[in-house]
Every structure is written in C-alpha cells, then in structure tokens.
Amino acid sequence: PGRVVTLLEDCGACTWGVAYEVRGEQIAASLEYLNMREAVLGGYDTKLVKFHPQEKDAEEPILALVYIATPQNPSYLGPASEEDIAAQIIVSSGCAGHNIEYLLRLADFMRYFCPQAEDKHLFSIEEALISILPCLYYTEDSLEET
C-alpha cells in the first residue's frame with residue numbers, strides 16, 4: 001500500500017509523539033484494533049517502553065505500548081534515499097488515505113507539537129516530495145510553455 005512511518009529498534013534513540021491512555025472497556029477494544037492493524041501480518045514486535053510526558057508536573061515516566069517494525073514485515077520496503085522514499089509516497093495510498101497527506105500531516109504535527117525534535121530524515125523526505133510534486137501536475141498551458 002505504501003510507505004508508512006514505523007519505529008525501528010534503536011536502543012539509544014528517542015522518539016517524539018503522542019501517547020493515548022485507554023481505560024476500562026477501551027483496553028480490550030483498543031488492543032484488538034491495534035493488533036489487527038499493526039501485528040496481524042507479522043513483522044512487528046510489541047514492547048512496553050518508558051514514555052516521558054512533556055508536562056512539567058509529570059513525576060515519572062509511564063509505560064507505553066509500541067509496535068516496532070522488523071524487516072520480516074511483508075510490507076517492509078527497507079532503507080532508501082529520501083528521494084526514493086518520496087517517489088514511493090507519491091504513488092502510494094492506503095485505506096486511510098494518500099501517503100502524500102500522511103507525510104505532510106506528520107511533518108506539520110512534528111513542527112507544531114514537537115518543535116524541539118530535530119527529525120532531519122522526515123523533513124528531508126518532505127522536501128524531496130515537495131520538489132517532485134510540481135513535476136506531476138501539468139495543464140495544457142504548462143505544456144505549451146515548455
């Protein structure tokens with residue numbers, strides 16, 4: 001279906017994002033949904049990790065469940081240059097929408113909610129994608145100009 005952002009295990013790395021707390025009846029339904037979406041095809045390890053909330057009043061980290069991609073995932077595309085990843089994103093979509101929107105929304109989220117996180121890889125892919133997009137859009141007028 002396309003490229004998605006996945007966590008790859010790196011013991012010394014830090015990941016920025018959002019954690020959702022589920023309680024009571026939500027737990028079983030949430031785990032069922034996530035296991036179907038993230039783990040049914042295989043190729044993901046499920047782990048509990050320490051999550052450090054940004055709120056200043058958070059006394060200690062909480063445990064969070066994460067799904068970490070492995071190369072055994074049948075959809076795993078492996079490492080690639082930012083330009084190749086951008087080219088894959090442009091031609092890909094999934095059941096939740098087009099990968100272009102996914103990438104642009106993720107980059108915007110990181111800028112707005114995690115401005116202190118420097119994700120050079122993400123922003124390089126965004127830049128590569130934006131540089132390719134004008135090449136894909138043309139009209140009769142633009143063809144006559146060239």
Side-chain angles (χ1 to χ4, degrees), residues 1-22 26 30-146:
R3 283 260 179 200
V4 295
V5 176
T6 57
L7 297 175
L8 296 175
E9 190 163 22
D10 183 346
C11 294
C14 175
T15 300
W16 290 84
V18 174
Y20 295 93
E21 181 178 10
V22 292
Q26 294 177 324
S30 297
L31 285 175
E32 182 179 341
Y33 170 76
L34 287 170
N35 284 330
M36 177 63 78
R37 189 182 85 181
E38 304 290 345
V40 125
L41 295 176
Y44 286 93
D45 289 336
T46 306
K47 295 193 176 186
L48 287 173
V49 298
K50 290 181 183 176
F51 179 79
H52 300 270
Q54 280 187 309
E55 291 82 28
K56 303 291 183 217
D57 60 342
E59 295 177 16
E60 57 186 59
I62 56 175
L63 287 179
L65 181 69
V66 296
Y67 293 87
I68 300 172
T70 69
Q72 289 72 38
N73 186 308
S75 298
Y76 182 72
L77 295 175
S81 70
E82 283 85 357
E83 293 77 15
D84 287 346
I85 293 171
Q88 291 168 334
I89 287 170
I90 283 177
V91 297
S92 300
S93 62
C95 60
H98 201 286
N99 282 166
I100 293 171
E101 182 181 7
Y102 181 89
L103 172 71
L104 297 176
R105 285 181 179 247
L106 176 63
D108 284 346
F109 170 86
M110 291 300 293
R111 282 190 191 92
Y112 184 75
F113 289 103
C114 308
Q116 64 278 44
E118 298 214 12
D119 195 329
K120 292 177 185 174
H121 182 63
L122 171 66
F123 297 129
S124 294
I125 295 168
E126 178 193 36
E127 186 178 311
L129 180 131
I130 289 169
S131 72
I132 296 171
L133 283 176
C135 300
L136 298 177
Y137 178 76
Y138 61 88
T139 63
E140 295 272 334
D141 294 337
S142 66
L143 285 176
E144 289 173 7
E145 292 172 9
T146 59

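Note that the structure is a prediction, hence the values are computed from the model and not measured.
S131 is linked by a side chain to side chain contact (heavy atoms under 4.5 Å, CB included) to nothing, counting only residues two or more places apart in sequence or in another chain.
The structure places CD1 of I100 at 10.5 Å from CD1 of I130, a figure rounded to the nearest 0.5 Å. Atom CG of L65 and atom NZ of K47 lie 12.0 Å apart (nearest 0.5 Å). Distance CG/D108 to CD/E126: 6.5 Å, rounded to 0.5 Å. Here the straight-line distance linking atom CD of E83 with atom CD of Q88 works out to 12.0 Å at 0.5 Å rounding. Rounding to the nearest 0.5 Å gives a distance of 7.5 Å between CG of L106 and CG of D119.
Here the side chains of L129 and L104 are in contact, with some heavy-atom distance below 4.5 Å. Considering only heavy atoms from C-beta on, L34 comes within 4.5 Å of Y67 through its side chain. Counting heavy atoms from C-beta on, the side chains of M110 and F123 come closer than 4.5 Å. Counting heavy atoms from C-beta outward, I85 and L103 have side chains that stay 4.5 Å or more apart.
Shown here for A86 and I132, the closest heavy-atom pair between the two residues is CB-CD1, 4.0 Å. Scanning all heavy atoms of the two residues, the minimum distance from A107 to L122 falls at CA-CD2, 3.9 Å. The nearest pair of heavy atoms linking H121 to E82 is ND1-OE2, 3.2 Å. Contact record, H98 with S93: CA-CB, 3.7 Å, taken as the closest heavy-atom pair.
Each of I62, V66, L63 was compared with F51 under the side chain to side chain contact (heavy atoms under 4.5 Å, CB included) criterion, and only I62 meets it.
Under the 3.5 Å distance criterion, the side-chain polar atoms of H52 are left unmatched by any main-chain donor or acceptor of E60.
Other residues, nucleotides and ligands contribute over 12 non-hydrogen atoms within 6.0 Å of the CZ atom of R111.
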